[in-house]
Amino acid sequence: MSRDHVQSAERSADDAPAPPGAAARRTPAAVETPFLDLLARGASADAYEQPVLVARAEGAPAERIAALEHAKGLALRVRSELEGRRRREAELSALFETAHDLAGLRDLDAVLRAIVQRARSLLGTDVAYLSLNDPARGDTYMRVTEGSVAARFQQLRLGMGEGLGGLVAQTARPYVTDDYFQDARFQHTRTIDAGVRDEGLVAILGVPLMLGHHVIGVLFAADRRARVFEREQIALLGSFAALAAAAIDTANLLAETRSALADLERANEIIQDRSGVIERASDVHDRLAELVLRGGGVHDVAAAVSQVLDGTVEFTEAAAAPARALETSRAEGHAVRHEDDWIAAVTAGDELFGALVLRGHPGLDPVDQLTLERAAMVTSLLLLARRSAAEAEQRVRGELLDDLLDARDRDPRLLGDRARRLGADLTATHVVLAARLDATAPDADHEADARRRLWAAASHLAATGHGLAAARDGGTVLLLPLARGDGATDLARRTARHLGTAVHEAVTVGASAPVEDLVTHPDAVAAAYTEARRCLDALGLLGRSGDGAAAEDFGFLGLLLAGDRNVTGFVDRTIGPVVAYDERRGTDLVRTLDAYFACGMSPARTKDELHVHVNTVAQRLERVGRLLGDDWQSPGRALEIQLALRLHRLSIPQAH
């Protein structure tokens with residue numbers, strides 16, 4: 001006799017009513033005993049009424065009957081929980097068995113049939129079936145059916161985008177209908193409806209079979225009556241669909257391997273090696289999933305893949321990767337070989353982030369190649385997630401800088417608190433920089449895209465430099481801290497080079513003079529921005545595209561650009577070395593310069609004006625040249641020096 005027959009006989013005996021008077025002999029403290037016995041025997045739910053019925057028939061006290069009712073309720077809850085666990089155990093067991101079939105895959109049809117059979121059994125549906133896309137014919141066809149009785153249904157070929165399966169394939173999401181013929185969400189066709197009507201199907205659930213981002217087919221479960229599919233059932237069918245997709249992917253890889261190695265008579269050895277590669281691919285899949293869940297970074301992904309592929313995998317920026325190999329990988333969507341390395345482009349849509357490079361591993365197995373490609377896809381997802389978080393922070397930094405530029409109605413204390421939360425210190429010395437792209441865009445869309453790229457690059461620079469950035473007036477404004485020993489000009493030029501490299505276009509940057517204590521004087525940011533804009537416009541007028549400068553770099557023009565009209569600073573920058581030399585040595589170089597320009601830059605007339613020998617004039621002018629540079633007599637420098645001499649003369653107290 002089979003085990004099922006024995007268990008059935010035992011349940012029948014266990015479900016039989018207890019002998020008369022048996023309940024009366026039980027003590028009140030043992031009301032749970034019959035229900036524990038029923039639980040131990042795995043009795044049906046109806047059998048749990050028997051102890052209560054017997055007690056009532058024997059005229060047991062109301063207290064005992066109430067106790068039995070309570071115990072019955074608890075026992076039924078325990079039974080329901082046990083049934084749920086048995087059901088989940090059966091589901092997990094089926095998934096494990098399917099995964100085991102996949103690991104030892106030899107016959108794809110057998111694995112797919114097992115998947116469909118187990119899905120139908122566990123979901124308790126009348127029919128289960130699996131369709132696959134046929135890229136050559138541009139349609140989809142029935143691959144496996146279980147429980148189907150209609151020949152026309154089993155031989156259906158559907159156009160892409162038709163029926164419930166077309167909706168699943170189009171959206172790459174599960175769809176369920178309680179009544180197929182009354183559901184208008186998908187495209188009904190005469191061929192599909194006829195096949196469904198022959199089969200008598202009413203309620204249908206479909207989940208996509210995915211390979212990467214591509215839908216390769218659909219797994220269905222269907223009933224011939226109206227039915228609501230639970231969320232757990234949809235998830236279970238999705239798990240079977242994932243295994244089916246993996247089976248198809250693995251089968252394709254194994255078929256390629258067998259074909260390639262047929263002439264070498266080493267099929268058995270290669271298949272064994274391939275199984276090991278599949279295990280490594282599974283291992284890296286688990287590791288990558290774990291990394292994503294615990295918030296790992298790009299270099300963590302590279303380290304994990306390095307261990308699985310037994311090589312060195314590195315993430316590199318696009319500029320550092322081999323250009324031709326990187327572009328080929330990006331276009332084909334696969335890892336490509338470059339000398340002894342393998343290059344897998346890390347992309348998201350049309351955007352290129354960089355590449356995963358497997359060093360010194362020329363003989364890469366196809367499955368290992370797929371592992372590298374999937375690692376590149378995970379890397380792109382991590383970079384996108386990181387960029388989304390960075391963009392959110394950039395928006396917050398931009399809003400703070402906007403508020404500083406419009407600080408008239410803002411509380412300085414609150415502005416300072418907001419800055420500290422973003423890692424910026426408004427008590428430090430800062431420079432306001434106005435940046436602008438100089439190239440003319442062909443249309444409005446290109447111009448908007450260029451401005452977005454400039455804002456993104458400026459925001460990244462501000463975030464890494466403990467500053468702020470915002471889009472403003474068709475360009476970008478930055479508030480960056482000034483390091484000790486650094487100058488506004490140096491900061492402007494570095495910023496112009498950095499932003500230009502980031503956006504691959506010339507970026508011009510105007511800088512303000514350093515500003516301090518912005519917590520107490522937040523309105524200084526607006527004035528400094530005005531000065532930076534003047535410098536930016538001056539660079540454009542002077543044809544210095546792609547350069548960076550502050551007011552101090554424009555000579556006497558800087559007096560007009562600077563917000564504070566720093567006359568003393570202009571004099572110091574222009575003739576300061578000559579003035580300092582006179583003060584240290586007691587010489588008369590400043591008066592000699594004044595006389596030289598007053599005499600039309602003629603040494604002969606200058607010596608008469610100063611009543612000295614012409615050689616003395618020549619020696620003094622030679623000293624001036626060493627102090628101010630060889631170009632001090634050029635027209636531009638000469639004009640600045642004459643203006644500085646006059647301003648210096650005005651600053652000296654006049655003798656009475």
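For residues 480-493, the pairs satisfying side chain to side chain donor-acceptor pair (under 3.5 Å) are Asp486-Arg494, Thr489-Glu552, Thr489-Asp553, with sequence neighbours left out. Within the structure, the side chain to side chain donor-acceptor pair (under 3.5 Å) test picks out the following pairs touching residues 596-608 (sequence neighbours left out): Tyr596-Gln633.
One finds the CZ atom of Arg620 at 8.0 Å from the OG1 atom of Thr587 (value rounded to the nearest 0.5 Å). Distance CG/Leu478 to CG/Leu499: 6.5 Å, rounded to 0.5 Å. For the atom pair Glu505 CD and Ser545 OG, the distance stands at 10.0 Å (nearest 0.5 Å). Interatomic distance, Ile641 CD1 to Ser634 OG, rounded to the nearest 0.5 Å: 7.5 Å. Taken to the nearest 0.5 Å, the CG atom of Leu352 stands 5.0 Å off from the CZ atom of Arg330. One distance of note links CG of Asp594 with CG of Asp588; it measures 10.0 Å at 0.5 Å rounding.
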Query raised in the report: Is there a side-chain contact (heavy atoms from CB on, under 4.5 Å) between Leu358 and Asp341 once you walk through the steps?
Result: CA-CA 6 Å; Leu358 175 61; Asp341 301 337; over 6 Å; no
Requested in this report: Just do the side-chain contact (heavy atoms from CB on, under 4.5 Å) check on Leu356 and Glu314 with the steps written out, would you?
Outcome: CA-CA 6 Å; Leu356 283 185; Glu314 301 173 350; over 6 Å; no
Query raised in the report: Can Leu433 and Leu480 be said to form a side-chain contact (heavy atoms from CB on, under 4.5 Å), step by step?
Result: CA-CA 8 Å; Leu433 303 140; Leu480 298 180; 3.5 Å; yes
Requested in this report: Walk me through it: do Trp342 and Val357 pass the test side-chain contact (heavy atoms from CB on, under 4.5 Å)?
Outcome: CA-CA 6 Å; Trp342 283 83; Val357 181; over 6 Å; no
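A heavy-atom distance below 4.5 Å is not found between the side chains of Val515 and Val525. Using a 4.5 Å heavy-atom cutoff, the side chains of Val624 and Thr592 are not in contact. In this structure, the side chains of Pro481 and Thr429 stay at 4.5 Å or more apart for every pair of heavy atoms.
With hydrogens and angles ignored, the 3.5 Å screen pairs a side-chain donor or acceptor of Ser306 with a backbone N or O of Ala302. The main-chain N or O of Val612 is never found under 3.5 Å from a side-chain atom of Thr616 such that the two would form a donor-acceptor pair. Arg453 contributes no side-chain N or O that, together with a main-chain N or O of Trp455, makes up a donor-acceptor pair within less than 3.5 Å. Without hydrogens or angle criteria, Arg637 side chain to Asp631 main chain gives no donor-acceptor distance under 3.5 Å. Thr508 places a side-chain N or O within donor-acceptor distance of the main-chain N or O of Gly546, the cut-off being under 3.5 Å. Formation of a donor-acceptor pair under 3.5 Å by the Gln369 side chain with backbone atoms of Ala335 is found in this model. In this structure, the side chain of His430 engages the main chain of Ala428 through a donor-acceptor pair within 3.5 Å. Using modelled atom types, no side-chain atom of Ser512 and backbone atom of Val431 make a donor-acceptor pair closer than 3.5 Å.
With Leu589 as reference, Asp582 is the one residue of Val579, Asp582, Leu621, Ile575 to meet the side chain to side chain contact (heavy atoms under 4.5 Å, CB included) rule.
Considering all non-hydrogen atoms of both residues, Arg337 and Asp340 come closest at NH2-OD1, 4.1 Å. Nearest heavy atoms, Ala375 versus Val301: O-CG1, 4.0 Å. Summarising the geometry of Thr476 relative to Ala458, their closest heavy-atom pair is CG2-CB, 3.4 Å, with the distance given to 0.1 Å. The shortest heavy-atom contact between Val346 and Phe315 is CG2-CE1, 4.1 Å. Nearest heavy-atom pair across Val509 and Ala492 is CB-O, 3.8 Å. Shown here for Ala488 and Ala511, the closest heavy-atom pair between the two residues is O-CB, 3.9 Å.
Applying the salt bridge (charged side-chain N to carboxylate O under 4.0 Å, His left out) criterion to Glu373, with sequence neighbours excluded, gives no partner residue.
Using a 3.5 Å distance cut-off with no hydrogens or angles, the side chains of Arg359 and Thr312 do not pair a donor with an acceptor.
Shown here is Arg173, whose CZ atom has no more than 12 heavy atoms of other residues, nucleotides or ligands within 6.0 Å.
Taking the charged nitrogens against the carboxylate oxygens, Asp249 and Arg374 do have a contact shorter than 4.0 Å, which makes a salt bridge.
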